[in-house]
There are 2 protein chains.
Amino acid sequence: MMRKSIKGRAAPEDLPAALHRLETLCRERGQRLTRQRRAVVRQLLAADRALSAYELLERLRPEDGRATAASIYRTLDFLMELGVVHRLESKRSFILCRHPQAPHRVQFLICRSCGEVIEAEDARLAAATERLGDRLGFALDQRIVELTGLCGRCRTREAGPS
Amino acid sequence: MMRKSIKGRAAPEDLPAALHRLETLCRERGQRLTRQRRAVVRQLLAADRALSAYELLERLRPEDGRATAASIYRTLDFLMELGVVHRLESKRSFILCRHPQAPHRVQFLICRSCGEVIEAEDARLAAATERLGDRLGFALDQRIVELTGLCGRCRTREAGPS
DNA sequence: GGCGGAATTGATACAAAGTATCATCAGGTG
DNA sequence: CACCTGATGATACTTTGTATCAATTCCGCC
């Protein structure tokens, strides 16, 4: 039992769960659930890493030879609006949200060696960003926190060669 | 006396100070101080806002008709390495560093209405990012914090029209 | 002040990322 | 199952960023 999630952090949703969430959100907001929206979620889940819009496009080609960059970007915009997809600004790429449950203030940790992306939800860090916004009189509507470095595994691997 | 810096936040350096800093840093590191490097610093200071690489290129044209995108990007990379220029990932643009004194963990607040960019240096927020990195086993080498919203002035302006 | 040579820039071409426009198609309501 | 609005397709284009190699320039040294 429980073969996934070896890593100790949030287990990825499986495909039915992800699609069901998408469907629910679309209904709630009276938005259409289209073939392409489902396909993008499916591919991002299958990739299990951040993909650029054009990488995503390539992966959609086998099942939908007529997809174009323009529509991929529209679909990604839509999914980001729903909160189902996040954009990694520093990598110009997109990743499936790992905290499906609620609205959230997330932070990303990105390993520059293996490319792993961890989506964190650190309350203290989130609170600190809000305070800073307040202090400087800003009404924030977007908080980008992307921390890049070496993940634990890559760190030991890079240190370790004899 | 003291006519600049009406805004109550860090006064921008003047041009001689900025160029002098650039010169010092180049000497210290045995790097060349070139015409283009000076010109980029001068234009970013004059703009007093974030510029895209191509905006910068246009502004360099009058004084250097042969500058190209490639060399602008190389120069910007160099200046970022020195810590003299920062890149705003979420705006794909570049801005002069406002905290010349030392190595730093900065955060940006960006007004989506007027485009103003404030470079903050909030110790608590910085500490929270470090803790998060530690907690997840990351050796961080880059911290991107970009908070977007409405600045105080734009907020009152947008609220206020009769 | 001029020389030498590595570092920087110039020129060119190209790749990658993202957007605008308008015609066509399809999701979901009745 | 027809309708019609919102989504996608097709196409062309803009913006952003990089690779390569030749020409130039900075700067330590004499």
Side-chain angles (χ1 to χ4, degrees), chain A residues 19-20 22-44 50-82 84-95, chain B residues 19 22-44 50-82 84-95 115:
Chain A
L19 292 179
H20 181 260
L22 176 60
E23 189 185 331
T24 303
L25 285 167
C26 285
R27 291 193 97 89
E28 281 175 12
R29 309 202 186 188
Q31 305 274 263
R32 291 187 185 171
L33 179 51
T34 67
R35 190 174 31 83
Q36 188 165 98
R37 287 169 184 178
R38 267 187 288 251
V40 166
V41 167
R42 186 157 15 84
Q43 289 297 339
L44 283 176
L51 297 179
S52 76
Y54 282 81
E55 285 174 335
L56 192 48
L57 182 54
E58 277 177 45
R59 289 169 186 232
L60 288 176
R61 276 277 150 75
E63 66 180 278
D64 176 5
R66 308 198 303 184
T68 66
S71 71
I72 298 298
Y73 277 105
R74 284 183 301 230
T75 297
L76 287 167
D77 285 346
F78 173 83
L79 294 173
M80 287 192 290
E81 194 70 33
L82 283 192
V84 166
V85 163
H86 295 299
R87 174 192 205 112
L88 296 179
E89 291 291 340
S90 60
K91 295 191 62 183
R92 246 133 275 191
S93 62
F94 302 86
I95 193 165
Chain B
L19 291 179
L22 176 60
E23 189 185 332
T24 304
L25 285 167
C26 284
R27 292 193 98 88
E28 281 175 10
R29 310 202 187 188
Q31 305 273 263
R32 290 188 187 171
L33 179 50
T34 67
R35 191 174 31 82
Q36 188 166 96
R37 289 168 183 179
R38 268 188 287 253
V40 166
V41 166
R42 187 158 12 85
Q43 289 297 339
L44 284 176
L51 296 179
S52 75
Y54 282 81
E55 284 174 335
L56 191 50
L57 182 54
E58 277 177 47
R59 289 169 187 231
L60 289 176
R61 277 276 152 74
E63 66 180 277
D64 178 3
R66 306 198 306 183
T68 66
S71 71
I72 298 297
Y73 278 104
R74 284 183 301 230
T75 297
L76 287 168
D77 286 345
F78 173 84
L79 295 173
M80 287 192 291
E81 194 71 32
L82 283 192
V84 166
V85 163
H86 295 299
R87 176 195 203 110
L88 296 179
E89 292 291 341
S90 61
K91 295 191 62 185
R92 247 135 276 187
S93 62
F94 303 86
I95 193 164

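Proteins come first, then strands; the chains are lettered A, B, ... in the order of their sequence lines, and each starts at number 1.
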Output yes when at least one side-chain N/O atom of [X] is less than 4.0 Å from OP1 or OP2 of [N], else no.
X: B:S71; N: C:dG10; result: yes
X: A:Q31; N: C:dG28; result: no
X: A:T75; N: D:dT8; result: yes
X: B:T34; N: C:dA7; result: no
X: B:R74; N: C:dA7; result: no
X: B:Q36; N: D:dT25; result: no
X: A:Y73; N: C:dT19; result: no
X: A:R92; N: D:dT16; result: no

A:A67 backbone acceptor or donor facing A:R61 side chain under 3.5 Å:
yes
Using modelled atom types and a 3.5 Å cut-off, is there a donor and acceptor pairing between side-chain atoms of A:R87 and backbone atoms of A:L76?
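Checking the backbone N and O of A:L76 against the side chain of A:R87, no donor-acceptor pair under 3.5 Å is found.
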Using a heavy-atom cut-off of 4.0 Å across all strands, would you classify [X] as base, sugar-phosphate, or nothing?
X: A:D77; value: nothing
X: A:R32; value: base
X: A:R37; value: sugar-phosphate

What is the distance, to the nearest angstrom, from the CZ atom on B:R66 to the C1' atom on C:dT8?
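Going from B:R66 (CZ) to C:dT8 (C1'), I get 13 Å.
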So which heavy atom on A:R32 is nearest to which on A:F78, and how close?
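For A:R32 versus A:F78, the nearest heavy atoms are O-CZ, 4.2 Å.
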Is the CD atom of A:E63 crowded by more than 12 outside heavy atoms at less than 6.0 Å?
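Check passes, neighbour count above 12.
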Which nucleotide sits closest to the side chain of B:R35: C:dG27, C:dG10, C:dT19?
C:dG10
